Q: 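Take this structure first; my questions come after.
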Amino acid sequence: MAQQPVPFLKGHGTENDFVILPDPDGRLDLSPADVARLCDRRAGLGGDGLLRVVRATGEAAAEAEWFMDYRNADGSVAEMCGNGVRVFARYLQRAGLAKGDDLPIATRAGVRRVRFEDDGDISVGMGVAAFPSGPGETVTVTVGERTWPARHIDMGNPHAVAFVDDLADAGRLFDPPAVHPATAYPRGTNVEFVVDRGPGRVALRVHERGSGETRSCGTGACAVMVAAARRDGRDPAADGRSATYVVDVPGGRLRITEDTDGRITMAGPAVIVAEGTIDHHWLNLA
């Protein structure tokens, strides 16, 4: 059993909130039940997920000093979290562990580079979107008796993006919407429902795999931007012009840009709201 209180912080990016556990030397052995208990909004600290701050190892250590060990609220492991990596970077800045305005962070989806902007936002290089579905494969999303076609987009983690007439059409998003074919997403998926808000501006609601409906999803906003751009006939790699969309989420607003090389940058806020310690008698993290 841990003999000392375990330090933690709480932060959010556009109200996508996280428990942050500094663990530079990798001493914490977190089971899925530990993570779920910490993220419990009634009996724990509460969060859409957990960020464990640990030093990078292996090949990633050649590019980045820090690794973002991200877990969903149910304790499952996730490849990437766009809002989470901004909050992770904000913690490193606050702790004096970020050197300069540009910072590489290792994730399970690869190294992501973040930049601390002059306006207070943090921008993240999110990589290139992938389109895993094969030719002729149609992905659909179903809520109740209604079904919509969806775009299968991978941002280091999987997404199904469906355009709807009204965000209320998504219904209750605590439970995952049905996605067909299931073989397209063997490990489950995040599902985004999207409406237009004007030229270059869309809004979403999201069911995050392992967390339910959240107030924001950074990788989801990137997937939505790409889906909206392709629907609107925009492909920066083909037409030689970058594309920027504003994506409204329930917890705020993100700005997503796709450059002519296909690389995507997300910019938005990240805030640390509290810090404290966890009583080792309450949760064994030894």
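Here the structure is a predicted model, which means the values were calculated and not measured.
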Q: Checking the side chain of Lys10 only, and the main-chain atoms of Gly47 only, is there a donor and an acceptor separated by less than 3.5 Å?
A: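 Between the backbone of Gly47 and the side chain of Lys10 there is no qualifying donor-acceptor contact (under 3.5 Å).
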Q: How about CZ on Arg255, more than 12 heavy atoms from neighbouring residues, nucleotides or ligands closer than 6.0 Å, or not?
A: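 Atom CZ in Arg255 is not crowded, with 12 or fewer foreign heavy atoms closer than 6.0 Å.
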Q: Between Arg241 and Asp259, is there a salt bridge with N-O shorter than 4.0 Å?
A: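 No salt bridge links Asp259 with Arg241.
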Q: Less than 4.0 angstrom from a charged side-chain N to a carboxylate O is my criterion; do Arg231 and Asp196 meet it?
A: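 A salt bridge is present here (some side-chain N lies under 4.0 Å from a carboxylate O).
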Q: Using only atom types and a distance under 3.5 Å, with no angle test, would you say the side chain of Thr189 pairs donor to acceptor with the backbone of Pro158?
A: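 Such a contact is found between Thr189 side chain and Pro158 backbone.
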Q: Does the ring centre of Phe174 sit less than 6.0 Å away from the ring centre of His207?
A: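 Not close enough - the centres of the two rings lie 6.0 Å or further apart.
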Q: For the residue pair Val111 and Pro104, what are the closest heavy atoms and their distance?
A: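 Looking at all heavy atoms of both residues, the closest pair is CG1-CB, 3.9 Å.
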Q: Could you go through Arg94 and Glu275, starting from their C-alpha distance and side-chain angles, then the distance that decides it, and tell me whether this counts as side-chain contact (heavy atoms from CB on, under 4.5 Å)?
A: CA-CA 12 Å; Arg94 175 190 176 105; Glu275 62 181 314; 2.6 Å; yes
Q: Are the charged groups of Asp69 and Arg108 less than 4.0 angstrom apart, N to O?
A: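 Yes, Asp69 and Arg108 are salt-bridged.
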Q: Would a 4.5 Å heavy-atom cut-off, applied to side chains only, mark Tyr70 and Val85 as touching?
A: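 Sidechains of Val85 and Tyr70: no contact.
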Q: Is it the case that the side chain of Asn16 and the backbone of Arg215 share a donor-acceptor pair, with hydrogens and angles ignored and the cut-off at 3.5 Å?
A: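 Not a single qualifying donor-acceptor pair exists.
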Q: Please say yes or no: joined through hydrophobic side-chain contacts below 4.5 Å, possibly via intermediate residues, are Val195 and Val191 part of one cluster?
A: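 Linked, Val195 and Val191 end up in one cluster.
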Q: Dump the intermediate steps for side-chain contact (heavy atoms from CB on, under 4.5 Å) on Val161 and Val194, then the final yes or no.
A: CA-CA 7 Å; Val161 180; Val194 189; 3.7 Å; yes
Q: Heavy-atom count around Asp166 CG within 6.0 Å, excluding the residue itself: above 12?
A: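 It does: Asp166 CG has more than 12 such atoms within range.
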Q: Under 4.5 Å between side-chain heavy atoms, counting indirect links through other Ile/Leu/Val/Met/Phe/Trp/Tyr residues: same cluster for Ile105 and Tyr91 or not?
A: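 Yes.
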Q: Using only atom types and a distance under 3.5 Å, with no angle test, would you say the side chain of Asp102 pairs donor to acceptor with the backbone of Arg115?
A: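 Pair absent, no side-chain N/O of Asp102 close to backbone of Arg115.
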Q: Can Val271 be reached from Phe18 by stepping across I, L, V, M, F, W or Y side chains whose heavy atoms are under 4.5 Å apart?
A: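 No, no single cluster joins them.
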Q: With a 4.5 Å cut-off on side-chain heavy atoms, are Ile256 and Thr265 touching?
A: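 No, every pair of side-chain atoms sits at 4.5 Å or beyond.
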Q: Are any non-hydrogen side-chain atoms of Trp66 and Pro24 less than 4.5 angstrom apart?
A: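 Heavy-atom side-chain distance check passes, below 4.5 Å.
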Q: Return yes if some donor-acceptor pair links the side-chain N/O of Thr14 with the main-chain N/O of Arg253 below 3.5 Å, else return no.
A: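 Pair absent, no side-chain N/O of Thr14 close to backbone of Arg253.
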Q: Check the pair Arg42, Asp40 against salt bridge (Lys or Arg N to Asp or Glu O under 4.0 Å), reporting the backbone distance first and the verdict last.
A: CA-CA 6 Å; Arg42 293 178 176 84; Asp40 190 301; 5.8 Å; no
Q: Pick out which of Leu50, Leu38, Ile20, Leu45 makes a side chain to side chain contact (heavy atoms under 4.5 Å, CB included) with Phe8.
A: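 Testing each of Leu50, Leu38, Ile20, Leu45 against Phe8, the sole residue satisfying side chain to side chain contact (heavy atoms under 4.5 Å, CB included) is Leu45.
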Q: State whether Asp232 and Arg234 are salt-bridged, where the test is any N-O pair (Lys NZ or Arg NE/NH1/NH2 against Asp/Glu carboxylate O) under 4.0 Å.
A: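 No salt bridge links Asp232 with Arg234.
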Q: Is a side-chain donor-acceptor pair under 3.5 Å present for Glu15 with Ser216?
A: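 Their side chains do not contain a donor-acceptor pair, so the 3.5 Å distance test is not met.
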Q: If you apply the rule side-chain contact (heavy atoms from CB on, under 4.5 Å), what do you find for Cys217 with Glu192, and how did you get there?
A: CA-CA 9 Å; Cys217 177; Glu192 288 79 26; 4.3 Å; yes
Q: Answer yes or no: are there more than 12 heavy-atom neighbours, outside Asp25 itself, under 6.0 Å from its atom CG?
A: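 It does: Asp25 CG has more than 12 such atoms within range.
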Q: For Tyr245, what residues pass the ring pair (Phe, Tyr, Trp, His ring centres under 6.0 Å) criterion, not counting sequence neighbours?
A: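 Not a single residue meets the ring pair (Phe, Tyr, Trp, His ring centres under 6.0 Å) criterion with Tyr245.
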Q: Is any side-chain heavy atom of Thr277 closer than 4.5 Å to a side-chain heavy atom of Val6?
A: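 SC-SC contact between Thr277 and Val6 ruled out.
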Q: Any side-chain heavy atom of Met68 within less than 4.5 Å of one from Met80?
A: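 With C-beta onward as the side chain, the pair touches.
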Q: Taking the basic N atoms (NZ, or NE/NH1/NH2) and the acidic carboxylate oxygens, is any pair closer than 4.0 Å for Glu213 and Arg205?
A: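 Yes, this pair counts.
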Q: Do Val53 and Leu21 touch side chain to side chain, with heavy atoms closer than 4.5 Å?
A: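 Heavy-atom side-chain distance check fails, nothing below 4.5 Å.
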Q: Do Leu103 and Leu97 share a hydrophobic cluster (ILVMFWY, side-chain heavy atoms under 4.5 Å, transitive)?
A: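 Leu103 and Leu97: one cluster.
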Q: Show your reasoning for whether side chain to side chain donor-acceptor pair (under 3.5 Å) applies to His159 and Thr219.
A: CA-CA 8 Å; His159 297 270; Thr219 55; 3.1 Å; yes
Q: Using a 3.5 Å distance criterion without hydrogens, assess whether the side chain of Arg37 forms a donor-acceptor pair with backbone atoms of Trp282.
A: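 Judged by distance alone, yes, a pair lies under 3.5 Å.
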Q: Return the minimal non-hydrogen interatomic distance between Asn72 and Gly210, and the atom names on each side.
A: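 Scanning both residues, the minimum pair turns out to be CB-O, 3.8 Å.
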Q: Minimum heavy-atom separation for Ala64 to Ala106, with atom names?
A: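 Taking every non-hydrogen atom into account, CB-N, 3.7 Å.
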Q: What is the minimum heavy-atom distance between Met155 and Ala223, and which atoms define it?
A: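 So the minimum-distance heavy-atom pair works out to CG-N, 4.0 Å.
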Q: Parallel, tilted or perpendicular, judged at 30° and 60°: which one describes the rings of Phe193 and Trp148?
A: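 Geometry flag for Trp148 against Phe193: perpendicular rings.
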Q: Find out whether Asn190 and Asn157 are in side-chain contact, i.e. whether some heavy atom of one side chain is under 4.5 Å from a heavy atom of the other.
A: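 With C-beta onward as the side chain, the pair touches.
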Q: Would the number of heavy atoms belonging to other residues, nucleotides or ligands and lying under 6.0 Å from CZ of Arg230 be above 12?
A: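 Yes, the 6.0 Å shell around CZ holds more than 12 heavy atoms from other groups.
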Q: Between Asp48 and Arg41, is the salt bridge (Lys or Arg N to Asp or Glu O under 4.0 Å) condition met? List the steps.
A: CA-CA 9 Å; Asp48 293 324; Arg41 295 194 181 279; 3.0 Å; yes
Q: Do the non-hydrogen side-chain atoms of Val202 and Asp248 ever get within less than 4.5 Å of each other?
A: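 SC-SC contact between Val202 and Asp248 ruled out.
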Q: Quick check on the hydrophobic clustering: are Leu173 and Leu204 connected, directly or via other members, by side-chain heavy-atom contacts under 4.5 Å?
A: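 Looking at the clustering, Leu204 is in a separate group from Leu173.
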Q: Set out, in order, the CA-CA distance, both residues' side-chain angles and the distance that settles side-chain contact (heavy atoms from CB on, under 4.5 Å) for Asn83 and Asp17, then state yes or no.
A: CA-CA 8 Å; Asn83 288 317; Asp17 62 335; over 6 Å; no
Q: Using the salt bridge (Lys or Arg N to Asp or Glu O under 4.0 Å) rule, collect all pairs that involve residues 78-88, keeping only residues at least two apart or in two chains.
A: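 For residues 78-88: Glu79-Arg187, Glu79-Arg209.
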